[in-house]
Visitor: 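Sharing a structure, written as structure tokens. Questions coming.
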Amino acid sequence: MLSPQAVHNGETPSPHHRILTPQFHSTVTLRKLRRFNSLILVFRLAAFAFSLASSVFMVTNSRGSDSPHWFDFDAFRFVFAANAIVALYSLFEMGVSVWEISTGATLFPEILQVWFDFGHDQVFAYLLLSADSAGTALAKTLKGTDTCKASNSFCVQSDISVALGFAGFVFLGFSSLLSGFRVVCYIINGSRFHL
């Protein structure tokens with residue numbers, strides 16, 4: 001292998017020899033990166049908490065045999081399924097974020113991790129938005145029927161579940177913005193870091 005001095009003196013390295021120089025990050029840069037990754041972790045934690053709460057509120061929305069059940073309505077089943085999927089995804093991504101903060105490396109190769117995070121954040125955010133929109137439309141329709149007059153608590157709990165799902169969407173959207181920023185940094189700099 002040629003030394004850096006030999007390359008500097010004009011010798012051409014063969015294609016079989018590569019000189020690897022470690023990337024230098026100052027202490028300030030490392031703190032900024034840790035803060036950025038911690039912010040992503042906080043948004044993922046919030047998305048997990050709201051999506052899990054929405055799922056729990058929806059699945060416990062049955063008062064007895066004579067009251068309506070959430071699984072009798074397609075839109076409410078969609079709300080439950082979407083929020084449960086997003087909660088599981090957010091749990092996985094929280095683990096990945098903790099791994100990245102503690103080790104300084106990504107779980108997958110960097111290019112795969114950047115695109116994986118961005119693509120899945122986008123898909124699951126739109127899934128959650130469409131499910132909660134369908135749940136909102138059904139909840140609004142039920143307000144004018146006998147279902148909400150006979151069992152007001154069913155409708156209130158459905159509204160709470162949908163609202164928690166929208167809050168999960170907001171935090172997943174923030175995560176998506178930050179993962180999109182990392183994709184742009186990777187395209188421009190060849191690294192997920194903007195510094």
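When a residue number appears, it is its place in the shown sequence, counting from 1.
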Visitor: Between Phe181 and Phe36, does a ring-ring contact (aromatic ring centres under 6.0 Å, His included) hold up when you go through it step by step?
Guide: CA-CA 11 Å; Phe181 177 74; Phe36 185 79; 5.7 Å; yes
Visitor: Are any side-chain N or O atoms of Ser38 and backbone N or O atoms of Arg34, one a donor and one an acceptor, separated by less than 3.5 Å?
Guide: yes
Visitor: Does atom CZ of Phe116 have more than 12 heavy-atom neighbours, drawn from other residues, nucleotides or ligands, at distances under 6.0 Å?
Guide: yes
Visitor: Should the pair Lys140-Asp159 be classified as a salt bridge under the 4.0 Å nitrogen-to-oxygen rule?
Guide: no
Visitor: Do the side chains of Phe43 and Leu177 get nearer than 4.5 Å, heavy atoms only?
Guide: no
Visitor: Work out which heavy atom in Ala47 is nearest to a heavy atom in Gly168; give both atom names and the distance.
Guide: CB-O, 3.9 Å
Visitor: Check whether Ser97 reaches the backbone of Leu41 with its side chain - one donor and one acceptor, N or O, closer than 3.5 Å.
Guide: no
Visitor: Which atoms form the tightest heavy-atom contact between Ala131 and Val79, and what is the distance?
Guide: O-CG2, 3.2 Å
Visitor: Would you mind reporting whether Asn83 and Asp132 have side-chain heavy atoms less than 4.5 Å apart?
Guide: yes
Visitor: Under 3.5 Å, is there a donor-acceptor pair between the side chain of Ser176 and the main chain of Leu172?
Guide: no
Visitor: Going from CZ on Phe50 to OG on Ser161, what distance comes out if it is rounded to the nearest 0.5 angstrom?
Guide: 13.0 Å
Visitor: Can you tell me how the ring of Phe124 sits relative to the ring of Tyr89, calling it parallel under 30°, perpendicular over 60° and tilted otherwise?
Guide: tilted
Visitor: Let me confirm one number: the OG1-CD1 distance from Thr106 to Ile111, rounded to the nearest 0.5 Å.
Guide: 11.0 Å
Visitor: Taking the side chain as C-beta and beyond, is there a heavy-atom pair between Ser51 and Leu128 under 4.5 Å?
Guide: yes
Visitor: Distance check, rounded to the nearest 0.5 Å: Ile40 atom CD1 versus Met94 atom CE?
Guide: 14.0 Å
Visitor: How many angstroms lie between atom OG of Ser175 and atom CD of Gln122, to the nearest 0.5 angstrom?
Guide: 11.0 Å
Visitor: Looking at side-chain heavy atoms only, is the closest gap between Phe78 and Ser130 below 4.5 Å?
Guide: yes
Visitor: On a heavy-atom basis, which atom in Ala87 and which in Phe48 lie closest, and how many Å separate them?
Guide: O-CD1, 3.1 Å
Visitor: Would you check if His120 and Val123 make a side-chain contact, meaning some heavy-atom pair closer than 4.5 Å?
Guide: no
Visitor: Can you find a pair of side-chain heavy atoms, one from Ser133 and one from Leu129, that are under 4.5 Å apart?
Guide: yes
Visitor: Provide the closest heavy-atom pair for Asn61 versus Ser153 in the form atom of the first, atom of the second, distance.
Guide: OD1-O, 4.3 Å
Visitor: By the definition side-chain contact (heavy atoms from CB on, under 4.5 Å), identify the one residue from Leu142, Asn152, Thr141 that meets it with Thr147.
Guide: Leu142
Visitor: If a pair satisfies salt bridge (Lys or Arg N to Asp or Glu O under 4.0 Å) and one of its residues is in residues 178-190, list it, with sequence neighbours excluded.
Guide: Glu100-Arg182
Visitor: Do you know the tightest heavy-atom contact between Phe73 and Pro68?
Guide: CE1-CB, 4.2 Å
Visitor: Is it true that atom CZ of Phe174 has more than 12 heavy atoms of other residues, nucleotides or ligands lying nearer than 6.0 Å?
Guide: no
Visitor: Does some side-chain heavy atom of Ser158 sit less than 4.5 Å from a side-chain heavy atom of Phe76?
Guide: yes
Visitor: Which pairs with one or both residues in residues 37-62 pass salt bridge (Lys or Arg N to Asp or Glu O under 4.0 Å), sequence neighbours excluded?
Guide: Arg44-Glu93, Arg44-Asp121
Visitor: Hey, mind stepping through Phe154 and Cys148 against side-chain contact (heavy atoms from CB on, under 4.5 Å) and telling me if it holds?
Guide: CA-CA 7 Å; Phe154 174 80; Cys148 283; 5.8 Å; no
Visitor: Testing the basics here: between Ala105 and Trp99, what is the closest heavy-atom pair and its distance to 0.1 Å?
Guide: O-CD1, 3.3 Å
Visitor: Output the distance between atom CZ (Phe169) and atom CG (Leu127), rounded to the nearest 0.5 Å.
Guide: 11.0 Å
